[in-house]
Amino acid sequence: MNGKHLVKLGLEKKAIALAQTAATQRETAGLTRDDILNELRAVQQNPAAYAAGGVYAPLAAELLAQQATVDARKGSELRAQPLPYPTWGADLIDPGAHRQMDVAMRLPISRAGALMPDAHVGYGLPIGGVLATENAVIPYGVGVDIGCSMMLSILPIQPDALRTDEATTLLLKHTRFGAGVAFEKRDRQDHEVLHESTWQDQPILRHLFDKAATQIGTSGSGNHFVEFGTLTLPTADLGLDPGEYLAVLSHSGSRGFGAQVAGHFTALAERHHPTLAPEAKKLAWLPLDHEDGQAYWQAMNLAGRYALANHHLIHTRLARALNVTPLAQVSNSHNLAWKQTVNGQDLIVHRKGATPATQGQLGLIPGSMADPGYVIRGLGHDAALHSASHGAGRQLGRKAAANTLNKKDVQAYLTQRGVTLIGGGIDEAPQAYKRIQDVIARQTDLVNVIASFQPRVVRMDTGSEDI
DNA sequence: ATGTCC
């Protein structure tokens, strides 16, 4: 037996060496060359049958590994051309966001997608991107802040009945902001989400429980906020008469817990797809029929419930301090994946900075720290995968905002609109965002606006450079 | 988004 025979079988370097070793043993056992070659062909045809043990086991293992690599590469290959997808407000969207969406639409698991008018560049899927996949979930298609969401509480209080200084005191006393911020043990908040048995189902959830328990009820950094403002309801809805109401609006996420879940499963997804093209690396996915995909799905949904619980605690404390019960509440997640039927197919719809907007569904689209936010009802637009924008969207990146905007202009903008700001960084300046009115105008076929909310006293984290 | 590597 020599190398030539083995090359003829179609074996490669490492496999040839293993085959040679096995063949030598079989020759010693008295088999003819033709018998051995027949055995080798049988191993090639069905390596799994020989992997458990015996003289051909090392060769069989190598052949199985080779096949797995080939399969993985094949399963991770991008389409030559992106599937087409509709865009709302293309005139407001920079080319970078489209380039990212194009890569997402080349994934073999992608089936449909849409770009919302607040879209801008993010990690992996662009912010404002909606992506429907088959039997797969993309951790970075959901984003780092899993379950990031909005909540509005409408209070039985006239807007001018709460003075600005009173609102300021309440926000300072009852909200906590900043990366890494947690409550002291004696101030720790409680919520039923912390009592779910889900926390015991995975090592990473067990590990992150303490962090989650100490951070629940806090707000993070960046664009997260809690604010008092005036809600204007032009026609009866939400079980309320038309009129003006004092309201609390918050933007918050799943804090360190969600961020670490996202990091863990993104790394896991990348290991699932080692041959994925570099431009799609941050779009690595987990199959939902695999235990890793199921684990992400469970952790993601827990982070979604946790983020909403976070809002509830913030709103409950503020309402209690005012000695009132909210008349109505609206909330929605805008960083999450949902099971949804698309064109008759059961798919996974990722919304990364996009508001679910199925027919009649309530949602919240905030503007900026000084511009109005809107309560909307979805119109269930099929091509938008029943979605809308999640806000105004960035016009300037954080660095660009810090470099081009100055405190004086931001203060003037706030003063003109009668907005008091506690904390807040220059990178969150209203001028860093697209005009919310423009963004809303580009999606009149996706949502109906039913009420507007003008911020009055806003609390955010202290940014790298204060305003 | 997150104490930016559990």
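Sequence lines set the chain letters: A, B, ... in the order given, protein chains first and strands last, and positions in each chain run from 1. Note that the structure is a prediction, hence the values are computed from the model and not measured. Just so it is clear, the values below take in all heavy atoms, side chains as well, and ignore hydrogens, waters and symmetry mates.
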Starting from [atom2] on [N], measure out to [atom1] on [X] and report it in whole angstrom.
X: H224(A); N: dG3(B); atom1: NE2; atom2: P; result: 12 Å
X: Y140(A); N: dT2(B); atom1: OH; atom2: C1'; result: 10 Å
X: H207(A); N: dC6(B); atom1: NE2; atom2: C1'; result: 5 Å
X: D210(A); N: dG3(B); atom1: CG; atom2: P; result: 15 Å
X: Q260(A); N: dT2(B); atom1: CD; atom2: C1'; result: 8 Å
X: I204(A); N: dT2(B); atom1: CD1; atom2: C1'; result: 14 Å
X: D461(A); N: dT4(B); atom1: CG; atom2: C1'; result: 14 Å
X: R398(A); N: dT4(B); atom1: CZ; atom2: P; result: 17 Å

**Asked** Which residue, L208(A) or F257(A), contacts DNA chain B at a nucleotide closer to its 5' end, judged by nearest heavy atom?
**Response** F257(A)

**Message:** Applying side-chain hydrogen bond (donor to acceptor under 3.5 Å, both in side chains) as the test, list every pair that has at least one member in residues 120-138 of chain A; sequence neighbours left out.
**Reply:** R111(A)-E134(A), E134(A)-Q345(A), N135(A)-D289(A)

**Asked** NA contact type, G253(A), heavy-atom cut-off 4.0 Å: base, sugar-phosphate, or nothing?
**Response** nothing

**Request:** Under 4.0 Å between any heavy atoms, over every strand shown, what does S254(A) touch: base, sugar-phosphate, or nothing? Just pick one.
**Result:** nothing

What residues, two or more places apart in sequence or in another chain, satisfy ring pair (Phe, Tyr, Trp, His ring centres under 6.0 Å) together with [X]?
X: W199(A); answer: F209(A), F257(A)
X: F453(A); answer: none
X: H381(A); answer: W88(A)

**Message:** Below the 4.0 Å mark, does dG3(B) have OP1 or OP2 next to a side-chain nitrogen or oxygen of Q215(A)?
**Reply:** yes

**Request:** Give a yes/no on whether any side-chain N or O of K211(A) is located under 4.0 angstrom from OP1 or OP2 of dG3(B).
**Result:** yes

**Prompt:** Near DNA chain B, which residues from residues 174-183 of chain A have a heavy atom under 4.0 Å away?
**Reply:** A179(A), G180(A)

**Request:** Measure from NZ or CZ of R394(A) to the centre of the six-membered ring of Y433(A), then state whether that distance is under 6.0 Å and the direction lies within 45° of the axis.
**Result:** yes

Would you list the atom pairs, donor with acceptor, under 3.5 Å between side chains in residues 262-270 of chain A and any protein atom, with sequence neighbours excluded?
{"from": "T266(A)", "atom 1": "OG1", "to": "A262(A)", "atom 2": "O", "distance (Å)": "2.9"}
{"from": "E270(A)", "atom 1": "OE2", "to": "K282(A)", "atom 2": "NZ", "distance (Å)": "3.3"}

**Asked** Ring centres of H251(A) and H334(A) under 6.0 Å apart?
**Response** yes

